[in-house]
Amino acid sequence: MSRVQNIKGMRDHLPQAMLLRQHILTVITRVAERYGFEPLQTPVVEYAEVLEGKLGDEEKLIYRFEDHGGRRLALRYDQTVPLARVVAQYGGTLALPWRRYAYGPSYRGERPARGRYREFYQFDVDIIGSGSPLADAEIVALLTDALTELGFPGFTTLLNHRQVIGGIARVSGLDEEAAGGVYRAIDKFDKLGADGVREELLRAGVQAAAADHILALVQIEGEPEAVLAALTEQLAGDARASAALENLRAIIAGLAAMGVPAERYRVAPRLARGLAYYTGMVFETNTPHWPEGSLLGGGRYDELIGQFAGRPVPTVGLAFGIDRLHDVMEELGLGPRALATATAYVTIFNAELTGASLALARELRAGGVNTLIGLDSHAGLGKQFREADRKGVRYALVLGPDELARNEVVLKDLRTGEQRSVPRDEVLAALGV
Ligand code: AMP
């Protein structure tokens, strides 16, 4: 017997959910195109070796399988590694810097939880082939515009730099290898808190004094300028960290010049971001309404594409987590008031008048109005109004014998209950077209 059940961690999205998701997609696409980003689509399946060796610890979450020809394949884990393959494969034909966006599902063998799925959709934006801090700033400006247009209240983007954490590890007396353990421990800060991270560091072999020093530095908070000033002083002996702080300063100057409101971002040295391929700025955006995880995350990865292309291609980008945005918007009741594809419902008054109603529906569609029709010429008007209302349609139209004779249509606003007769040639205008 087959099970009538979807796979755990992979969701079905019924129409009301899909309409909200499509709204999210439309808004983000509009914002990305406003900044001149171009679309890219790649397959969901890649050769396993394309994905392997790029993700660090996360690699264990990749879904791998063999196809009928015995090839080792994998479901993509994100849309970043496939992008790197594309840049290497079509290198000569792509004019850099290239701004691309991509939308689609990614797959990770995670333990499913609230907001964490095995199949989830990401919307990525990346600027390929530029190391300019203006590129970093543009990505953050874009995400700020997108979340603002979606109506998110009170979101904050936390900014950091891989070499700030590296510097913190080094000035605390750790070598390069031990610094890797520091990233992993710090990455769990929001989950474990300071005490939990301290234990993780000790477990990774970090001395107690060094662990305390690291913890003191990663917890520096305040206005961006103040945090940068404090870190500059603390990390003065480390050239790479000093350069990273200069870079963050330039990015923040870019943000201000691009009009990103100051309350929308913070410098947070505790932000690590799990993925192994980041080399520069890293960031994620959170909202107090969703403590379980970030709405989106990203950063600069100047070496990943080089692993495929054999030459460095500096790149910065982010992935919006569409499922997170969807879950939070659903919970907060954000998004359009009515989620429906159709705005008009043309009723069928009776069997003889079916043709006249179908002609009216055709007229409305030709005028650009999404229109549903009643399918049952024996159903009463009340039943058809109820159906229209259930579908979230705003207007029901009635064409009875009297209206037909007077060349009019009855227009009923299902939201207010108000009903009036409208001359046939004014119907489109009455529907706001
Ligand atoms: P990452 O690709 O890990 O940098 O994640 C970028 C964004 O994708 C996160 O901020 C989340 O919003 C989303 N995301 C990552 N993993 C999952 C998952 N398992 N389920 C749902 N959303 C996810």
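Only heavy atoms go into these numbers, but all of them, side chains included; no hydrogens, no water, no symmetry mates. Indexing begins at 1, ligand by ligand and atom by atom, following the structure's order.
Here's the thing with Tyr117: one of its N/O atoms is less than 3.5 angstrom from an N/O atom of ligand 1. Between Arg116 and ligand 1, no N or O atom pair is found at a separation short of 3.5 Å. At a 3.5 angstrom cut-off on N or O pairs, Leu296 counts as close to ligand 1.
Looking at atom 9 (C) of ligand 1, its nearest protein heavy atom turns out to be Ser294 OG, 3.8 Å. Shortest contact from atom 7 (C) of ligand 1 to any protein heavy atom: Ala319 O, 3.6 Å. Nearest protein heavy-atom contact of atom 11 (C) of ligand 1 is Arg324 NH1, 3.4 Å. Protein heavy atom closest to atom 13 (C) of ligand 1, with residue, atom name and distance, is Gly321 CA, 3.7 Å. What sits closest to atom 4 (O) of ligand 1 on the protein, heavy atoms only, is Arg273 NH2, 2.4 Å. When hydrogens are left out, the protein atom nearest atom 5 (O) of ligand 1 is Gln122 NE2, 3.6 Å; that is the closest non-hydrogen contact.
For atom 2 (O) of ligand 1, the candidate residues are Glu119, Arg108, Glu110; the nearest heavy-atom contact is made by Arg108.
At a threshold of 4.0 Å, the pair Glu59-Arg64 counts as salt-bridged, since one of the basic side-chain nitrogens sits closer than that to a carboxylate oxygen. A salt bridge links Glu221 with Arg270: the closest approach of a Lys/Arg side-chain nitrogen to an acidic carboxylate oxygen falls below 4.0 angstrom. Contact check on Asp327 versus Arg11 returns a salt bridge, with a Lys/Arg side-chain nitrogen under 4.0 Å from an Asp/Glu carboxylate oxygen. Looking at Arg266 and Glu223, a side-chain N of the basic residue comes within less than 4.0 Å of a carboxylate O on the acidic one, giving a salt bridge. Classification of Glu331 and Arg114 as a salt-bridged pair holds, one side-chain N sitting under 4.0 Å from a carboxylate O.
At least one cation-pi condition fails for Lys391 and Tyr345: the charged atom is not both under 6.0 angstrom from the six-membered ring centre and inside a 45 degree cone around its axis.
Residue Arg300 holds its CZ atom at 6.0 Å from OG of Ser130, rounded to the nearest 0.5 Å.
With Val86 as the partner, the side-chain contact (heavy atoms from CB on, under 4.5 Å) test is satisfied by one option alone out of Thr42, Ile128, Ile305: Thr42. Checked against Arg72 for a side chain to side chain donor-acceptor pair (under 3.5 Å), the options Glu66, Glu52, Glu49 give a single hit: Glu52.
At a heavy-atom distance under 4.0 Å, only backbone atoms of Leu295 (N, CA, C or O) approach ligand 1. Contact annotation for Phe120 and ligand 1: only side-chain heavy atoms (C-beta onward) come within less than 4.0 Å of the ligand.
Heavy-atom distances between Gly115 and ligand 1 reach below 4.0 Å in at least one pair.
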